[in-house]
Number of protein chains: 2
Amino acid sequence: MSSGSDQQDIKREKILDAAYQRFLHYGYSKTTMNEIASDLSLSKALLYYYFPDKSQLYIAVMRKLAGEYIDNLQNKLNKFENLKEAYVSQIDIKHDFIVKNYNFFDFFRVNEQNLPETIWEIITEIHQTEMVLLSAAIKTEVEKGNIKPVNDPGEIVDLLLDALHGVSVSAVSHKKVMFPKKEHLDEIHTKRLLLLDIFIKGLMY
Amino acid sequence: MSSGSDQQDIKREKILDAAYQRFLHYGYSKTTMNEIASDLSLSKALLYYYFPDKSQLYIAVMRKLAGEYIDNLQNKLNKFENLKEAYVSQIDIKHDFIVKNYNFFDFFRVNEQNLPETIWEIITEIHQTEMVLLSAAIKTEVEKGNIKPVNDPGEIVDLLLDALHGVSVSAVSHKKVMFPKKEHLDEIHTKRLLLLDIFIKGLMY
DNA sequence: TTACTGACTATTTAAACAAAATTATCAAAA
DNA sequence: TTTTGATAATTTTGTTTAAATAGTCAGTAA
C-alpha cells in the first residue's frame, strides 16, 4: 500500500511523533511547522517533503490515533462474557482515549462547525467500527437468548451511542458545551455507566 | 408584581408580539429596533421606554414563551395514566415547542458559547420544572408498584433528559451540530420515542 | 536518484483605523 | 404619563498595513 522506503517510513513516524507531542501540548493553532521541525533538528522544508501541508500532518496523526483506538476496541470486543461487559469496555476505552488525548482535540473545539472532510471520514470510520462490533455483540446475545430479539441491532446501537454522547453535552448544568471540559470527564463516565445499565435492562426480557 | 398600569401592560404585550414575529422570522441579529417600532407605527424611542435594551426585549419574549411551555407541560403532566404516557407527552410538547419557534432560537445558534446569564436562568427554570414534574411521575409509579424503587428519581430523570438531548446532537451522521437542522426534527422525535421506550423498560421489574 | 536545506514567496492573522449601521439617550412635545 | 425627533454612543463592517507563519523551489549532498 505505502509506496515509500523503510527509511522514509521511519522518518515519517518520527515526524508524526514529534507533531503529536506538539499538538497534544499546545493544540493545532499554537504549534508551528517550524517548531515541529526544530524539535527534530530538521528544516521545515523537509516536513513538506513528507506531508503536503499542516492540516494533512495533523490528520495523519489523527488517523494513527484512530487506528490505535480501533485496534484496542477490536481486541477487547472479540472476547466478551456478556453484553454488559462488552459495552462497559467500549465506554471505558473511549473514555481513556479522550482523557489521554484531550488537548489534541483542541482542533475540534476551534474549528467547531467546519471540520475538514477528511476528519469526518476518520470519525465516521471509528463510528462504523463501533457500530459493527457492538451490533455483533447484540446479535450474539440474541442468539444466546440472553436478550429480546431485535429486528435492527444497528438502530439500537446508534441510539445508544447518541444517548451516551448526550451525557457529555448536558444542555443545562454546566452551560451548553460542544466538547466537555476536562474536569467533567469522570462524572460523565460514571453517568454513562448508569445509563448503560438501564438501557441494557431495557433490552432484556 | 408588575408595577405598570393596565394600559402599559397592554402596550408592552403589543411590543412583545411584534418583536416575537420579527425574531421568529428574521432571528435576533437581523431584526432592528427600528423595524419593530415601525411595525407598530411607533418611534424606536418608545421601545426603550418599555424595555431597557434590545436583549432584554428578546429575553422578555423568551420568558413569555417559556411560561407558555411550562403551563402546557404542567397541564398535561398533572393527569397521566402511566409513566410512558407522561414522558411521551413531555417529548411531544417539547418537540412542538421547538418546531413552532425554531427560527426564534436563531439567537442561540449565533451566540452559541456565551449566552447571557438571564437566558440560562430561563433554560434552568424550564429544566427544573421538567425535573420536578417527571420526578413526581416516577415517584407516583413507584408507589403504584409499576416500576422498581428508585433511590434518586432526580438522577434518573436528569440522565434521561441528557440521553434524549443526545439524540439531537448525533455526533456523526449529519455533521456535529449544536442545534439540530429543522428537517431532522421529526426523525429526532421518532428516535426519542424509541429511546424512551427502552429506557422505561429498563426501569421496570 | 533520494533526502534534504536555505532563501524565497504566498497566505493568514492581528492591529489600527475609518465609515456605516444600529443601539441607546434625552430634552421637549402631546 | 406617554411619545417623539434629534443626537450621542456603540457595534459592526470594511480597509489597510505589518508581522507571523505556511508553503515553494532551485540547488546541494549523500
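Hydrogens, waters and symmetry mates are skipped; everything else that's a heavy atom, side chains included, is used. Remember, it's a predicted structure, so these values are computed and weren't measured experimentally. Just so we're on the same page: letters track the sequence lines, and every chain starts at 1.
- A salt bridge does not link A:Lys30 with A:Asp106: none of the charged nitrogens is closer than 4.0 Å to a carboxylate oxygen.
- If you take CD1 of B:Ile15 and P of D:dT4, they are 10 Å apart, rounded to a whole angstrom.
- Applying the 4.0 Å criterion to OP1 and OP2 of C:dT25, one finds that B:Tyr48 has every side-chain N and O outside that range.
- Distance CD1 (B:Ile10) to P (D:dT2): 12 Å, rounded to an integer number of Å.
- Summarising the geometry, the separation between CG on A:Asp53 and P on C:dA10 is reported as 18 Å, rounded to the nearest angstrom.
- Distance B:Tyr49 OH to C:dA27 P: 16 Å, rounded to the nearest Å.
- No donor-acceptor pair closer than 3.5 Å links the side chain of A:Tyr50 to the backbone N or O of A:Ile15.
- Look at CZ on A:Phe51: it is 15 Å from P on D:dT24, rounded to the nearest Å.
- If you check D:dT3, D:dA22, D:dG5 against the side chain of B:Ala45, the one that comes closest is D:dG5.
- With hydrogens and angles ignored, a donor-acceptor pair closer than 3.5 Å exists between the side chain of A:Lys44 and the base of D:dA22.
- Rounded to whole Å, the distance from CG on A:Asn34 to C1' on C:dT5 is 13 Å.
- Nucleotides of DNA chain D nearest to A:Met33 and B:Leu42 differ in position, and the one nearer the 5' end is that of B:Leu42.
- Counting non-hydrogen atoms under 4.0 angstrom, B:Ser55 reaches nothing in the nucleic acid.
- Among the nucleotides C:dC4, D:dT2, D:dT4, the one closest to any side-chain atom of B:Tyr50 is D:dT2.
- Among the nucleotides C:dT22, D:dT2, D:dA22, the one closest to any side-chain atom of B:Leu46 is D:dT2.
- Side-chain proximity of B:Lys54 to D:dT4, C:dT23, C:dA3: nearest is C:dT23.
- Going from atom NZ of A:Lys30 over to atom C1' of C:dT12 covers 14 Å, rounded to whole Å.
- When the P atom of C:dA3 is taken as reference, atom CG of A:Leu47 falls 15 Å away, rounded to whole Å.
- Ion pairing between a basic and an acidic side chain is recognised when a charged N comes within 4.0 Å of a carboxylate O; B:Lys76 and B:Asp92 show no such pairing.
- Look at A:Glu13 and A:Lys64 and you find a salt bridge, because one of the NZ, NE, NH1 or NH2 atoms lies within 4.0 Å of a carboxylate O, short of that distance.
- Contact between the side-chain N/O atoms of A:Gln8 and the OP1/OP2 oxygens of C:dA3 is found at a separation under 4.0 Å.
- Exactly one of A:Lys14, A:Lys44, A:Arg22 qualifies for a salt bridge (charged side-chain N to carboxylate O under 4.0 Å, His left out) with A:Asp39. That residue is A:Arg22.
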